[in-house]
Amino acid sequence: QVQLAESGGGLVQAGGSLRLSCAASGRTFSLDVQGWFRQAPGKEREFVAAFSWSGGNTYYADSVKGRFTISRDNGKNSITLQMNSLKPEDTAVYSCVAARYFTRSPQGYDYWGQGTQVTVSS
């Protein structure tokens with residue numbers, strides 16, 4: 001099993017920044033991708049960003065490209081999501097995910113964190 005521990009999130013005004021972190025532990029040797037999904041009230045889960053450990057590739061949703069940056073943290077199997085120029089429509093519960101292969105579909109991710117709330121006020 002794999003455990004994903006998230007930190008960060010909170011309340012920020014529009015135009016502000018927040019940083020999310022996610023540390024993976026357990027049987028992580030089979031995993032290559034860590035990333036983030038988000039879900040706003042009444043909406044479906046939405047892919048946000050992902051990082052591939054094997055190639056260092058990064059993937060972003062069009063809605064966050066240029067504003068969010070996903071990167072590896074100093075710790076092994078830890079990633080961060082730096083969110084800048086936040087908008088009210090970024091308000092959602094953000095969940096860290098991990099999988100063997102990259103996909104933009106939530107069904108492709110076997111492991112999910114508890115989720116952390118991000119609220120952007122206008």
Side-chain angles (χ1 to χ4, degrees):
Q1 286 293 329
V2 173
Q3 294 78 42
L4 300 173
E6 302 141 331
S7 60
L11 172 65
V12 67
Q13 288 188 333
S17 299
L18 283 174
R19 180 175 174 175
L20 305 180
S21 296
C22 174
S25 60
R27 298 173 65 85
T28 61
F29 57 86
S30 64
L31 303 176
D32 182 58
V33 176
Q34 263 181 273
W36 298 89
F37 276 75
R38 67 186 182 186
Q39 187 168 23
K43 295 189 176 181
E44 294 185 351
R45 278 176 173 170
E46 176 189 22
F47 169 76
V48 177
F51 177 85
S52 169
W53 285 97
S54 62
N57 296 324
T58 57
Y59 309 89
Y60 296 97
D62 288 343
S63 59
V64 307
K65 201 173 294 184
R67 300 188 298 122
F68 292 10
T69 302
I70 190 168
S71 61
R72 62 184 301 168
D73 207 344
N74 289 332
K76 187 178 179 181
N77 294 333
S78 293
I79 59 170
T80 63
L81 183 69
Q82 179 66 40
M83 304 184 293
N84 298 328
S85 302
L86 283 161
K87 305 174 181 180
E89 50 264 44
D90 293 319
T91 295
V93 173
Y94 285 67
S95 297
C96 181
V97 296
R100 196 167 186 176
Y101 306 106
F102 171 70
T103 175
R104 293 177 185 268
S105 169
Q107 282 73 32
Y109 290 85
D110 299 319
Y111 303 102
W112 292 73
Q114 297 268 16
T116 184
Q117 178 70 44
V118 170
T119 303
V120 184
S121 62
S122 57

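All values reported here derive from a predicted model rather than from experimental measurement.
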For the residue pair [X] and [Y], what are the closest heavy atoms and their distance?
X: Lys43; Y: Gln39; answer: O-NE2, 3.0 Å
X: Gln34; Y: Ser78; answer: OE1-N, 4.2 Å
X: Ser85; Y: Ser17; answer: N-OG, 4.4 Å

(message) Between Thr28 and Ser25 (side chain of the first, backbone of the second, donor and acceptor by atom type, cut-off under 3.5 Å), is there such a pair?
(response) no
Please tabulate, for side-chain N and O atoms in residues 6-13, each donor-acceptor pair with protein atoms closer than 3.5 Å (sequence neighbours left out).
residue, atom, partner, partner atom, Å
Glu6, OE1, Gln114, N, 3.2
Glu6, OE1, Gly115, N, 2.6
Glu6, OE2, Cys96, N, 2.6
Glu6, OE2, Gly115, N, 3.3

At what distance, to the nearest 0.5 angstrom, does [atom1] of [X] lie from [atom2] of [Y]?
X: Leu81; Y: Trp36; atom1: CG; atom2: CH2; value: 6.5 Å
X: Ile70; Y: Gln82; atom1: CD1; atom2: CD; value: 12.0 Å
X: Thr69; Y: Met83; atom1: OG1; atom2: CE; value: 11.0 Å
X: Thr58; Y: Phe68; atom1: OG1; atom2: CZ; value: 14.0 Å

(request) Would you mind listing the cluster partners of Val2? Hydrophobic ones only (ILVMFWY), side-chain contacts under 4.5 Å, chaining allowed. (result) Leu4, Leu31, Tyr111
(message) Through direct or indirect side-chain contacts below 4.5 angstrom among Ile, Leu, Val, Met, Phe, Trp and Tyr, which residues connect to Phe29?
(response) none
Give every residue pair that meets the salt bridge (charged side-chain N to carboxylate O under 4.0 Å, His left out) criterion with at least one member in [range], sequence neighbours excluded.
range: residues 7-34; result: none
range: residues 92-114; result: none
range: residues 46-67; result: Arg38-Glu46, Asp62-Lys65, Arg67-Asp90

(message) Run the side-chain hydrogen bond (donor to acceptor under 3.5 Å, both in side chains) test against Lys87 and tell me which residues pass, sequence neighbours left out.
(response) none
(message) The criterion is side-chain hydrogen bond (donor to acceptor under 3.5 Å, both in side chains); which residues satisfy it with Gln117, sequence neighbours excluded?
(response) Thr119
(request) Applying side chain to side chain contact (heavy atoms under 4.5 Å, CB included), name anything that partners Ser30, two or more places apart in sequence or on another chain. (result) none
(request) Mind checking side chain to side chain contact (heavy atoms under 4.5 Å, CB included) for Ala5 and listing every partner two or more places apart, or none if nothing turns up? (result) none
(message) With a 4.5 Å cut-off on side-chain heavy-atom distances among I, L, V, M, F, W and Y, is there a chain of contacts connecting Val97 to Ile79?
(response) no
(message) If hydrophobic clusters are built from ILVMFWY residues whose side chains come within less than 4.5 Å, do Phe51 and Tyr94 share one?
(response) yes
(message) Can a side-chain donor-acceptor contact be found between Ser21 and Thr80 if the only test is distance below 3.5 angstrom?
(response) no
(message) Run the ring pair (Phe, Tyr, Trp, His ring centres under 6.0 Å) test against Tyr59 and tell me which residues pass, sequence neighbours left out.
(response) Phe102
(request) With sequence neighbours excluded, tell me which residues meet ring pair (Phe, Tyr, Trp, His ring centres under 6.0 Å) with Phe37. (result) Phe47, Tyr109, Trp112
